[in-house]
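The analysis underlying the following values was restricted to heavy atoms, covering all of them including side chains, and did not include hydrogens, waters or symmetry mates. For the single chain, residues carry numbers from 1 onward in sequence order.
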Amino acid sequence: PLDKLVAEAALHARNLVVQGRRFGDTRLNATAQNLPGAPQGRVSAQTELAGAGLTADAAYALEGQALRISDLALANGPNRITGAVRVALDAMTATGKLDGTLPQLQALSELAGVPLTGAAGFTVALDAPNGKQAANLTANATNLRVEGEGGPLFAARRLTANADVADALGNASGKARLELQDGAAAGNDLSRVTASVDGSLAKAAFRAEAAGAGRDPLGLELAGEFTQNGALNRIRLDRLQGRYSGESFRLTQPAAIALGERRYEVSGLRLVSGNAQLAADLGLNGERLSGELRLDRVPMALARLADPT
């Protein structure tokens with residue numbers, strides 16, 4: 001009988017184009033032994049993109065209904081992702097850990113599709129308690145900058161994120177938190193931003209706070225709950241207050257927003273700013289618009305939030 005066969009394959013390509021991106025000299029090598037009963041071996045690949053080298057290398061072994069991937073190493077210049085993962089093929093769950101060290105984000109600009117600068121790192125830990133996929137993510141970036149045509153789209157001296165997800169392939173639930181220090185977004189300087197979410201895809205509570213920087217800093221506090229019922233998404237705003245262009249505003253009662261296919265509704269929205277008031281109960285269902293919008297002595301600075309021009 002044929003047993004413990006050894007095989008090797010090699011692929012060489014030039015001027016390879018994938019989704020509009022042109023890769024340079026590309027080579028793929030794969031080895032396998034102990035065929036067909038218990039295959040194991042290595043896979044490696046090398047290519048170039050925008051003049052920067054990209055490499056991937058890993059060992060693999062099929063152990064019954066489990067695929068073990070070890071010595072994983074992805075590299076792009078000084079940027080590296082390493083780790084090991086075990087995939088249960090019957091349940092399609094994974095356990096293991098991946099670590100990313102990305103000291104030169106600029107080298108990843110072509111892959112990202114936008115100009116990047118700064119440094120970043122992350123860790124992803126995978127587990128499968130009771131056969132259900134779980135994951136934990138921690139990530140950070142320093143001196144991050146995303147460039148646009150007219151200037152930076154986003155910048156942060158420091159950015160941190162963490163998330164815990166349970167039953168990711170079933171009824172996913174968990175919590176996540178994002179924090180920014182000393183940055184900018186949409187042309188506004190920011191000293192600190194925090195955002196968090198806790199719940200499931202069907203129902204989750206969210207909260208966000210932003211503090212601006214400069215002579216007339218903006219401020220924003222937002223909290224509420226998101227629920228999903230079939231194709232209809234609902235958002236309840238429990239708290240909304242802030243400051244923009246020297247004018248403060250706040251929500252006087254909870255407001256509700258409904259979003260669905262060709263359906264957009266806002267109800268109970270009541271905002272005040274000094275003596276000014278805004279009240280909205282509006283709905284767009286298909287091509288039919290109904291409801292009421294009332295404005296009373298709204299400052300032009302706040303009106304520009306709706307139309308900056």
Side-chain angles (χ1 to χ4, degrees), residues 1-103 107-108 110-113 120-139 163-172 174:
L2 297 177
D3 194 15
K4 295 187 177 181
L5 296 178
V6 176
E8 184 173 348
L11 174 67
H12 183 201
R14 295 178 179 175
N15 299 320
L16 187 65
V17 178
V18 180
Q19 294 184 340
R21 292 183 174 88
R22 184 176 296 277
F23 292 83
D25 192 62
T26 301
R27 297 178 183 272
L28 174 65
N29 293 279
T31 63
Q33 57 187 9
N34 293 333
L35 295 171
Q40 64 182 53
R42 298 194 72 89
V43 176
S44 62
Q46 305 88 34
T47 188
E48 289 185 356
L49 178 64
L54 297 172
T55 63
D57 186 68
Y60 70 90
L62 185 61
E63 303 168 341
Q65 289 296 311
L67 175 63
R68 179 169 52 85
I69 301 174
S70 58
D71 299 330
L72 175 65
L74 308 175
N76 165 236
N79 302 310
R80 290 181 63 83
I81 298 174
T82 59
V85 177
R86 184 180 185 273
V87 181
L89 299 177
D90 51 354
M92 292 308 295
T93 57
T95 58
K97 185 180 178 183
L98 298 174
D99 292 298
T101 303
L102 313 173
L108 298 172
E110 186 69 21
L111 280 175
F122 69 86
T123 296
V124 178
L126 302 172
D127 200 1
N130 301 317
K132 296 182 178 181
Q133 185 64 64
N136 172 267
L137 166 70
T138 60
D164 280 296
V165 180
D167 197 8
L169 303 179
N171 297 317

A.B. asks: The criterion is side chain to side chain contact (heavy atoms under 4.5 Å, CB included); which residues satisfy it with Ala134, sequence neighbours excluded?
C.D. replies: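 Expected list: Pro129.
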A.B. asks: Name each donor-acceptor pair under 3.5 Å that joins a side chain in residues 26-44 to protein atoms two or more places apart or in another chain, with its distance.
C.D. replies:
residue : atom : partner : partner atom : Å
Thr26   : OG1  : Gly24   : O            : 2.9
Thr26   : OG1  : Thr47   : OG1          : 2.7
Arg27   : NE   : Asp25   : OD2          : 3.3
Thr31   : OG1  : Arg42   : N            : 3.1
Arg42   : NH2  : Asp57   : OD2          : 2.4

A.B. asks: Rounded to the nearest 0.5 Å, how far does NE2 of His12 lie from CD of Gln46?
C.D. replies: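 Gln46 CD to His12 NE2: 10.0 Å, rounded to 0.5 Å.
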A.B. asks: May I ask you to test the Leu54-Leu111 pair for a side-chain heavy-atom distance under 4.5 Å?
C.D. replies: yes
A.B. asks: So, taking the atom named CG in Leu16 and the one named CD in Glu48, what distance separates them when rounded to the nearest 0.5 Å?
C.D. replies: 13.0 Å
A.B. asks: Can you list everything that forms a side chain to side chain donor-acceptor pair (under 3.5 Å) with Thr123? Sequence neighbours excluded, please.
C.D. replies: Asp99
A.B. asks: When rounded to the nearest 0.5 angstrom, what is the spacing between CG in Leu102 and CG in Asn76?
C.D. replies: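 CG of Asn76 is found 9.0 Å from CG of Leu102.
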A.B. asks: Side chain to side chain donor-acceptor pair (under 3.5 Å) with Arg21: which residues, sequence neighbours excluded?
C.D. replies: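 With sequence neighbours excluded, Arg21 shows a side chain to side chain donor-acceptor pair (under 3.5 Å) to no residue whatsoever.
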A.B. asks: To the closest 0.5 Å, what do you measure between CD1 (Ile81) and CZ (Phe122)?
C.D. replies: 4.0 Å
A.B. asks: Would you list the atom pairs, donor with acceptor, under 3.5 Å between side chains in residues 65-73 and any protein atom, with sequence neighbours excluded?
C.D. replies:
residue : atom : partner : partner atom : Å
Arg68   : NE   : Glu63   : OE2          : 2.9
Arg68   : NH2  : Glu63   : OE2          : 3.1

A.B. asks: Would a 4.5 Å heavy-atom cut-off, applied to side chains only, mark Leu89 and Val87 as touching?
C.D. replies: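 Heavy-atom side-chain distance check passes, below 4.5 Å.
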A.B. asks: Give me each pair satisfying side-chain hydrogen bond (donor to acceptor under 3.5 Å, both in side chains) with a member in residues 125-138, each pair once, sequence neighbours excluded.
C.D. replies: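 The answer is Asn136-Asp164.
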A.B. asks: Under the side chain to side chain contact (heavy atoms under 4.5 Å, CB included) test against Asn79, which residue among Thr101, Leu108, Leu74 passes?
C.D. replies: Leu108
A.B. asks: Using side chain to side chain donor-acceptor pair (under 3.5 Å) as the criterion, list what pairs up with Asp167, not counting sequence neighbours.
C.D. replies: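 Side chain to side chain donor-acceptor pair (under 3.5 Å) check on Asp167 returns nothing, list empty.
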